[in-house]
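To start, the structure under review is shown below, and the notes come after it.
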Amino acid sequence: MEKLIISPAPHIHSGDSVSKNMTGVIIALIPALLASLYFFGLGALIVTVTSIVACMLFEYLIQKYIIRGEKTILDGSAALTGLLLAFNLPSNLPVWIVLIGALVAIGVAKMSFGGLGNNPFNPALVGRVFLLISFPVQMTTWPVVEPFSMSYLDAATGATVLSLLNEGSAAIPSAKDMFLGNMPGSLGEVSAVALLIGLVYMLIRKIITWHIPVSILLTVAVFAGILYLVDPATYISPLVHLLTGGLMLGAIFMATDYVTSPMNPKGMWIYGVGIGILTVVIRTWGAYPEGVSFAILIMNGFTPLINFYVKPKRFGEKAK
Amino acid sequence: MNLVLISLITLGVIGSVAAVILFVVAKKFHVFENPRIDEVEQVLPAANCGGCGFPGCRNFAEACVKADEFGDLFCPVGGNETMKNVAELLGKVAVTQVPKVAVVRCNGTCEHRPRYNEYDGVKHCFIAHNLYSGETNCSWGCLGFGDCELSCEFDAIKVNPITRIPEVDEDKCTACGACVRACPKLLIELRKKGPKGRRVYVSCRNEDKGHITRKACEVGCIGCAKCQKVCPHDAITITNSLAFIDDEKCKLCRECVIVCPTDAIIDVNFPAPKKKKEEAEAVG
Amino acid sequence: MKTFRIGGVHPAENKFSAGKKIQQAEIPKMVAIPLAHYIGNPSEAIVKKGDMVKVGQMIGQANGFVSANVHASVSGKINKIDVQLDASGYKRPAVFIDVEGDDWIETIDKSNVIKRECNLSKEEIIKKIKDAGIVGLGGATFPAHVKLSLPPGKKAEVLIINAVECEPYLTCDHQLMLEHGEEILVGVSILMKALEVEKAIIGIENNKPDAISHLKKLATTFKGITIEPLKVQYPQGGEKQLIDAVVRRQVPSGRIPVEVGAVVFNVGTTFAVYEAVQKNKPMFERVMTVTGKDAPNPSNYRVRLGTYLAHVVEQAGGVPEGTGKIIGGGPMMGRSLMNLNIPMAKGSAGILYMRDEETIRKPVQNCIRCSKCVSVCPMGLEPYLLMAQSERNMWPEMEVDRVMDCIECGSCSYTCPSNRPLLDYIRYGKATVGGIIRNRNAK
């Protein structure tokens, strides 16, 4: 006891940290990663590893040579962005396209705004959408499922359920296949069950709250359900909406990104409902078969506005 | 041919409608501004420091144009010269003010004032001040986290990392008063710069009783009133065991500097060290 | 099981001194009794240097509305009246007494017999409490008689006793309930009489099952007193949180609890009320906890007011090796002490040693907007936003965002994964906005 330390209360801390939260999300993504390795084999592994390594490398280089700021490379956020970006890509995507995606995600969407905490849009989604617009052909040819396949660029390809439906043909897989993920698609989005396991893990660890995933899924189910009831022949059933495409991945992992989502339960509901409605609108009437990433990015843009106008329930405030 | 004609007509119509709208709006919402405000603003230093009491230079220029005579209106940054220019522009009488400079009334360096605690909160004076009296035994002295440094637009005040007391660069200081407002301990004062930058001031703000001050800091003012007795110009007042030298009355004779038992009174920019006659005699 | 409905955190309880009998601390050779209180005006000294005083004799007169009398905690000679560094971190006036013997004033009933009947009227009770200088022992040290004098036109329906002791480490209230349960219940009935209420509820967190069952058994012999076990959650001891937890009413922003018909007293205060009214004993001692992970002997002491903390620490085995910080009070809301030459005040609930490594703050990172601070804030505020506003000196915006509702419980800083000093900035903003509001109201 040389000099007593003086500081303002509180004198203890929960021990929570940014890296603990980021690692928690990465752990929650492991079931989905294992599922993708099972369904898409070698290609999934190459794309995932490339994406994670590239994201971390780009963040390190930018911090070292351009921003010269604090080194946050080990807090797990870059690795998480890389993992999420990979989950949004088809497993037969060439490495150089993945690298471009990682550069856009980290360089443009994250670091140019000042790093973690300052980016208005979800970096992984910006990377994915950039690739989707720049390389539409490569980004929309998905390999068909082949357990433990050793093929990468030469994999046999097929169309996703949603794009088939968008074109008018209706060859819907069984509900069980959709639930387990036995269908073509981006490598991390196919297995609903693996993603749901991740959701449960994150809720138990209190990394996220239930509001955003539940509000998105509920809105999609209700909105799509109404459309389906109006005309089952034209519109897709809500079950297909929920289980196919990037909806599960988006609702559980992309929309709940801390930085770009609203800060209180009321705001989260508005945000979630917005994403749900936009997703169904784009899927049903838009040119693209898939709309989750666009919906999330659009609502990301509204987040500051939601935070400004929607306040949490104050203590002692009468419910209106 | 037809296409070109239609385009021409469409563009022409849009153009004229827009022109009419712009004209009406410009007329209707025109705000008359005295052009002399712009002229005065040109002369001002454009530091927008707020030292004059207005949010920015333009507001000050506006006030100058509106005012009948300058009175309290003074730009401390530009000083007398700028005010003369402004006065010439507006055909008014210039007011002159004695140039001032910020002085830090604490000399409690690490050497003079031992640190007993270590502060582990946000390194801002206002937050530390909100919490407690400081790392030393003196509850009045400088905290040393440099809120004054942050507030200074002119890079004129800097906390010395060794002494942990801010130091003012006289050449850069414009006496805008930003640091005076930033200091939660009210240590910084704007004083007359004095002839050749010479000035004498009490570098202490401690209002505790003498024995408490003495224990906390070697160079604190203990309120012994020796300086008050020796001052031939009645410039020194003692309130709450703290001496204060009125810079209007002080004739810079430095008698007080010699008698001060704790060296709390500081003289700056004087040529030969007149300090401590006995010591000087003892040495040589 | 009930608890409050917005926010809350669960810090590790670490109640090492639970179950340790309250020991009487030795009377020191010299005390410095602080005249200043945590809030309100300092009392005015009514003794002078050289006067002889007895234990329980009044030495400081309440000065102003929110102020309380101060009594000598020892007998002896007044050495001086001077400033003394206290737990606030500033030097404030105190009365220094050289101890000679332990001579109590005659009116105090020193016997241990529990006196249950109280035939005084409401006014007489309040006067006795006021004379005894009783302040709230929960931390804010708000004078009890002020709280008992309800604003005109307001009527209390229920008296709530705060026995939750939600701060980690502290056990003084818990031990007081176990050893002086009956006295506390007598105190509660006296307060019920003073407030003219029929109902009193004692809220106790269910991590103290022995206290709950002990008081439940005793309460059967008292009219109108019920015990309410509450789910453990910090900051349940906050006045507004406790009312919400116990009677499910939320006090509106900027209002006082009696607007929803409730008045809250700390359980320690209740015991002091018993002693003052039934035994004529003014408030000159209190129970405090000396604890910490490395404390040689975590224990509860009954200490005379004005005793230097160093004296108490010595009896409890000294400061352990490796202590980096000593806190007066609990780890969530207590103040870190500059040294141990600080006198014990009415609000001192404990001395807590913290190791270097558990107390030094980790580097601050960017806000990642995880919204955990929003979800734990018991007042439903947005700490991240208030901090940003405070950094940018946006005072009017802070007022709109209800910074004045902040109870400074520290849940936000405790939770923040980026280690951001949320409460530091909010506290500063609250002080500044409070000043602006006072200036505006004064005009």
Side-chain angles (χ1 to χ4, degrees), chain A residues 1-24 59 62-64 66-78 110-120 206-207 258-264 303-304 307-308 311-312 314-316, chain B residues 106 108-150 159-166 182-187 205-206 208 212-220:
Chain A
M1 188 180 91
E2 284 184 11
K3 284 180 184 172
L4 284 179
I5 298 166
I6 298 274
S7 63
H11 305 288
I12 47 176
H13 190 264
S14 57
D16 200 359
S17 70
V18 174
S19 50
K20 270 189 192 168
N21 283 305
M22 294 299 166
T23 332
E59 176 154 326
I62 291 172
Q63 272 178 339
K64 183 150 188 190
I66 302 177
I67 298 183
R68 297 204 171 86
E70 242 177 288
K71 300 279 180 294
T72 53
I73 183 71
L74 289 176
D75 68 9
S77 62
K110 187 178 172 194
M111 300 315 285
S112 64
F113 290 97
L116 181 66
N118 298 329
N119 47 307
K206 292 195 177 152
I207 293 169
Y258 282 153
V259 185
T260 54
S261 61
M263 304 276 284
N264 61 67
T303 297
N307 279 337
F308 187 80
K311 295 293 174 191
R314 313 288 198 197
F315 186 93
Chain B
C106 177
T109 57
C110 296
E111 193 186 326
H112 293 144
R113 197 171 52 141
R115 260 75 180 158
Y116 295 105
N117 293 114
E118 201 179 315
Y119 177 70
D120 182 39
V122 182
K123 299 280 186 287
H124 272 307
C125 301
F126 56 82
I127 287 185
H129 175 70
N130 213 13
L131 176 71
Y132 78 133
S133 62
E135 288 172 335
T136 69
N137 251 341
C138 173
S139 354
W140 303 83
C142 178
L143 295 163
F145 299 120
D147 279 13
C148 44
E149 189 176 326
L150 285 176
V159 176
N160 185 328
I162 299 162
T163 61
R164 291 179 63 185
I165 296 286
C183 182
K185 297 275 191 189
L186 311 173
L187 292 174
R205 278 273 300 159
N206 193 319
D208 284 334
I212 296 169
T213 311
R214 196 80 188 90
K215 257 186 236 162
C217 178
E218 286 174 20
V219 293

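Keep in mind that this is a model prediction, so the values were computed, not measured. In what follows, every chain begins at residue 1, and chains take the letters A, B, ... in the order their sequences are listed.
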More than 12 heavy atoms of other groups within 6.0 Å of B:K123 NZ: yes
What side-chain donor-acceptor pairs closer than 3.5 Å can you find for residues 113-120 of chain A, not counting sequence neighbours?
residue	atom	partner	partner atom	Å
A:N118	ND2	A:G114	O	3.1
A:N119	ND2	A:F121	O	3.2

Where B:G121 and A:P8 come nearest, the two heavy atoms and their spacing: CA-CD, 3.9 Å
Nearest non-hydrogen partners of B:E118 and A:K3, listed with the distance: N-CB, 4.3 Å
Separation of A:S7 OG from B:I127 CD1 (nearest 0.5 Å): 12.0 Å
Non-hydrogen side-chain atoms of A:I6 and B:L131 separated by less than 4.5 Å: yes
Side chain / backbone / both / neither for B:Y119 at chain A, heavy atoms under 4.5 Å: both
Partners passing ring-ring contact (aromatic ring centres under 6.0 Å, His included) against B:H124 (at least two apart in sequence or in another chain): B:F126
